[in-house]
Amino acid sequence: MNKFLFVGNRKFVLEEMIKLDLDVDILVIKNTHLEKDDLLKNYKHKIISSKEELLNYINKTDFDILLSNGCPFILPIKHLKKKTYVNIHPSFLPDLKGIDPCLGSILFSRDCGATCHHINEVIDGGDIISRVKIPFSKDLDVSLMYQLSFIAEKEVFHEAFKANFSIRKKQEPGDWIYYSRKEDDKKINFNENPNQLIQRIKTFNNKSQGCTFINNNNIFKVYEASQINNSYVANYSQKFKNLEIMFVYEDCVVFKKDDVVIKLSKVSGPLNTLKVKNKINS
């Protein structure tokens, strides 16, 4: 039986390894969700806080397969002892390489998923062992995409395990993208078309993020957005100019944008300063 070395920041693949009763040493990245998870209460594990600490552990530990799932450190494969090194990445590689593929999927309207691949010198660039695709659809937001990717990661692990982590295929050439979030990506750009604006807010709608805009030096954070297609609302919107606020109520702001009506929901900030007929981007 293979001896595994798991290193990562989330629990879902690790749970499957435990269910299979695999021989696995567990390395947990410091200050991550996995470090705080109840799963670890019953299992011996080590907290890793630096790349140097990880490499030292790899060099002194006996294992057959290292499985990375949310490890932030780039491994210098050429300089490590010859073992099998695999990674489970939450996208349908070769598209959406980088730290934040689920965010990139929603922001750029691209398919997501999960891929188990061999690790080489190229970030997320190794040969593919198994893949699962999550097709993009406009009814998805990033909070749901995260949940779907956790399921997909478990699926590709089981496929790879059955294949004994053997190489299946090279990554295909194509018009693929790399995405890691930047703070500016969370700023609402009212010059974008309505669909792009809504997708941006869906990209950052989980509780720890949110999108922001500034109005008269006041900062607002937004977690939901949608287009209102009601005919009565559409007719009423003819009284307003582009980007003028139509309604402010509870935690919602409704405004006109390019002849359509957009509703921002779960808005935090001094909503009493937003006035009907004023520009939302002032």
For [X] and [Y], which heavy atoms make the closest approach, and how far apart are they?
X	Y	value
Leu197	Asn189	CD1-O, 4.0 Å
Gln209	Lys186	OE1-CD, 4.1 Å
His89	Glu153	C-OE2, 4.2 Å
Ile47	Glu35	CD1-CG, 3.8 Å
His117	Leu93	CD2-CD1, 3.5 Å

On the 0 to 90° scale, with breaks at 30° and 60°, tag the Phe220-Phe213 ring pair as parallel, tilted or perpendicular.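 Because their plane-to-plane angle is under 30°, the rings of Phe220 and Phe213 count as parallel.
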
Lys/Arg N to Asp/Glu carboxylate O, [X] vs [Y], below 4.0 Å:
X	Y	answer
Lys19	Glu16	yes
Lys3	Asp25	yes
Glu53	Lys46	yes

Donor on one side chain, acceptor on other, Asn206 and Ser208, under 3.5 Å: yes

What about the rings of Phe247 and Tyr236, do their centers lie closer together than 6.0 Å? yes

I need the single residue from Asp95, Asp185, Asp100 that forms a side chain to side chain donor-acceptor pair (under 3.5 Å) with Tyr179. Which is it?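 Single pass found, and it is Asp185.
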
Checking side chain to side chain contact (heavy atoms under 4.5 Å, CB included) between Cys71 and each of Ile88, Leu54, Ile48, which is the one that passes?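 When Ile88, Leu54, Ile48 are each tested with Cys71, the side chain to side chain contact (heavy atoms under 4.5 Å, CB included) holds only for Leu54.
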
